[in-house]
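Have a look at the structure below, then the notes.
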Amino acid sequence: MPAPSPLLSRRQINLIVGGLVVGMFLAALDQMIVATAIRTIGDDLNGLTLQAWVTTAYLIASTISTPLYGKLSDIYGRKPLYVISLSLFVLGSLLCGTAGDMYQLAGYRALQGLGAGGLMALALIIVGDILSPRERTKYQAAFFGVWGIASVLGPVLGGFFAGADAILGVAGWRWIFLLNVPLGLIALAVILRVLHVPHSPHHPRIDYWGVAALITAIVPMLLVVEQGRSWGWTSPSVLTLAALSVVGIAGFVVAERAAKDDALLPLRMFRNRTVAVSTGLNFVMGFAMFGGMAGLPLYLQIAKGMEPTQAGLAMLPMMTGIMAMAGSAAPIIHRTGRYKPFPVVGGTLLVVAGLVLSRLEAESSMWFFSLGAFLFGLGLGGIMQPVMLAVQNAVEPRDMGAGSASVMFFRQIGGSLGTAIFLSILFSSVTGDIAEEFEVAAQTPEFQEVVANPATLENPVNAQVLAVVQSGSLDAADGLSLDDTSFLSELDPVLAAPFRAGFADAIANVLLMTSLFSILGLALAIALPQLPLREKSGLETMRDGDHAIGGGAARDDADRTEGADLPEGDRSP
């Protein structure tokens with residue numbers, strides 16, 4: 001009997017993947033590009049003090065919507081949900097480019113974030129539908145390479161547009177958002193034309209209680225991690241929101257138990273060892289890697305005094321590492337069917353990279369920084385793609401959306417918490433590090449000469465910093481804040497050196513913590529099961545009746561089949 005013909009031709013697959021890559025690139029770039037320009041945007045809209053809400057609105061919307069898109073696409077099909085997410089993103093981008101104040105911008109960014117959550121999650125889910133796990137590796141490298149490119153290109157483009165007074169008669173920073181519109185429309189046209197993914201409609205009960213509980217859990221949590229440092233970690237607002245988040249988490253677990261197979265994130269998925277380990281690994285690695293990634297641009301811009309665009313270019317080694325590892329992993333996994341070695345190697349490299357970067361000082365050479373950033377990128381490239389592949393290979397086709405979205409959801413939550421916690425540690429310790437650097441610098445002839453020179457006091461910023469030297473406390477420096485280090489560019493270089501060195505010390509300590517935390521991620525990577533890769537795509541599996549949607553034997557206890565098709569020596573313990 002001849003083998004069934006493929007559901008999609010290679011040309012169709014390439015066109016679909018091209019459209020999905022454009023959509024994911026826009027979502028990834030938008031996370032990176034705004035941070036560079038936010039000060040210019042805030043000044044232009046007369047609302048700099050509200051800038052955090054612009055970032056928080058996008059983060060909350062994209063995080064919450066990720067699992068929603070995954071589950072709803074399992075029910076209603078991938079194409080309708082992808083078209084909705086891309087349309088929301090394009091509309092949100094257009095509105096952001098026309099915002100008249102920061103309140104409008106925050107609201108429009110939330111709309112944009114609702115679309116971005118779908119662009120990031122659904123792209124990988126659709127690839128899981130149309131390609132077998134073995135074939136999927138060749139394409140997933142492109143998706144994860146997008147993140148590396150966006151992490152470098154984002155600050156560069158953000159700095160360029162923010163620095164332009166006007167382009168075609170429109171304020172430069174508005175093009176950060178308006179540029180998404182034509183690119184998004186091109187991607188939408190491609191998707192509408194070529195994305196014809198078969199879907200078997202079914203109408204389970206919608207998990208409204210799960211959605212409500214998830215919102216109750218996540219919104220307060222993200223508000224705390226984004227605003228906690230400015231509000232105060234023990235303030236009534238933070239404690240109330242934290243308590244509300246705990247209640248939401250408990251309610252979510254109860255709601256998911258009650259909803260069973262109709263749950264937003266079906267709990268039976270987590271009885272699958274691959275899914276459970278991968279979820280923990282993604283949370284831990286998100287916590288460590290995003291915390292570390294938050295420190296590297298700060299080091300370049302504060303300790304090294306680089307402009308945002310220069311700092312973006314200096315992050316090229318990290319992007320090169322991500323691309324190199326993702327690009328080399330794909331053909332090896334395709335040929336051997338073994339994905340587990342890459343998270344193990346990636347986790348090891350993240351530990352090593354953190355140790356290397358923890359040795360950074362203000363005077364460290366750029367080649368040393370580049371080495372650490374390259375190793376960091378290699379580690380990220382070794383984890384992101386294979387772990388997603390492992391989950392998609394382990395879950396039933398009916399859970400492809402929920403399983404894939406859970407990977408990105410827990411990585412996003414871990415990244416948000418890691419960034420907030422590590423930056424809080426950094427800013428709580430940096431004052432002491434700066435004070436120590438001032439004590440050392442005060443003994444040098446260069447510093448004493450600057451302090452003794454009457455011309456030094458003619459610069460008001462110098463005078464404020466000298467008040468710090470005399471009092472021994474940053475509180476004496478009225479008008480100076482470590483939340484805004486732009487004063488360093490106006491400061492005498494000798495007086496600025498202790499600030500730069502103190503920030504370098506604090507950032508290095510944070511990077512050491514990310515290295516130590518990555519050890520836990522490495523342990524989880526070692527525990528990740530190695531299952532035989534399926535030879536059929538999700539759609540082919542459903543077509544052939546191996547695991548029909550809503551039926552078939554569940555793989556809740558995947559351990560019973562782990563390594564069944566591998567030689568004895570290749571089986572995971």
Taking all atoms of both residues into account, what is the closest heavy-atom pair of [X] and [Y], and its distance?
| X | Y | answer |
| --- | --- | --- |
| G346 | I383 | C-CD1, 3.9 Å |
| I333 | F342 | CG1-CE1, 3.6 Å |
| P67 | A405 | CA-CB, 3.9 Å |
| R338 | Q530 | CA-OE1, 3.5 Å |
| V253 | L267 | O-CD1, 4.1 Å |
| A504 | E361 | CB-C, 3.9 Å |

Atom [atom1] of [X] and atom [atom2] of [Y]: how far apart are they, to the nearest 0.5 Å?
| X | Y | atom1 | atom2 | value |
| --- | --- | --- | --- | --- |
| L239 | W231 | CG | CH2 | 12.0 Å |
| K71 | T66 | NZ | OG1 | 16.0 Å |
| I64 | L214 | CD1 | CG | 6.0 Å |
| M323 | M318 | CE | CE | 12.5 Å |
| L81 | S73 | CG | OG | 5.5 Å |
| F89 | M120 | CZ | CE | 9.0 Å |

Between the side chain of [X] and the main-chain N/O of [Y], is any donor-acceptor distance below 3.5 Å?
| X | Y | result |
| --- | --- | --- |
| K340 | P529 | no |
| E256 | L265 | yes |
| S515 | G354 | no |
| Y339 | L531 | yes |
| D433 | A501 | no |
| N282 | S278 | yes |
| R273 | A527 | yes |
| S245 | A217 | yes |

Run through [options] and flag the one making a side-chain contact (heavy atoms from CB on, under 4.5 Å) with [X].
| X | options | value |
| --- | --- | --- |
| M221 | T216, I413, L241 | I413 |
| C96 | L105, V54, V34 | L105 |
| I60 | L223, I215, I218, L114 | L223 |

Aromatic ring proximity Y82/Y69, centre distance under 6.0 Å: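 No, they do not, as the ring centres are separated by 6.0 Å or more.
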Derivation of the side chain to side chain contact (heavy atoms under 4.5 Å, CB included) call for S358 and N509: CA-CA 6 Å; S358 71; N509 289 333; over 6 Å; no
Could you tell me whether the side chain of [Y] reaches within less than 4.5 Å of the side chain of [X], counting heavy atoms only?
| X | Y | answer |
| --- | --- | --- |
| L281 | F410 | no |
| Q385 | M325 | no |
| Q112 | Y58 | yes |
| L157 | L29 | yes |
| R359 | F368 | yes |
| Q412 | S62 | yes |
| S235 | V238 | yes |
| M384 | R411 | yes |

Students often mix this up, so state it plainly: with edges at 30° and 60°, are the rings of Y299 and F369 parallel, tilted or perpendicular?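 Y299 vs F369 ring planes: parallel.
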Side chain to side chain contact (heavy atoms under 4.5 Å, CB included) between T514 and L350, intermediate numbers included: CA-CA 8 Å; T514 67; L350 280 182; over 6 Å; no
Does V211 form a side chain to side chain contact (heavy atoms under 4.5 Å, CB included) with L68? I'd like the steps, not just the answer. CA-CA 8 Å; V211 173; L68 294 178; 3.5 Å; yes
How far apart are the C-alpha atoms of L426 and L298, what are their side-chain angles, what is the distance that settles it, and do they pass the side chain to side chain contact (heavy atoms under 4.5 Å, CB included) test? CA-CA 11 Å; L426 188 156; L298 287 177; 4.3 Å; yes
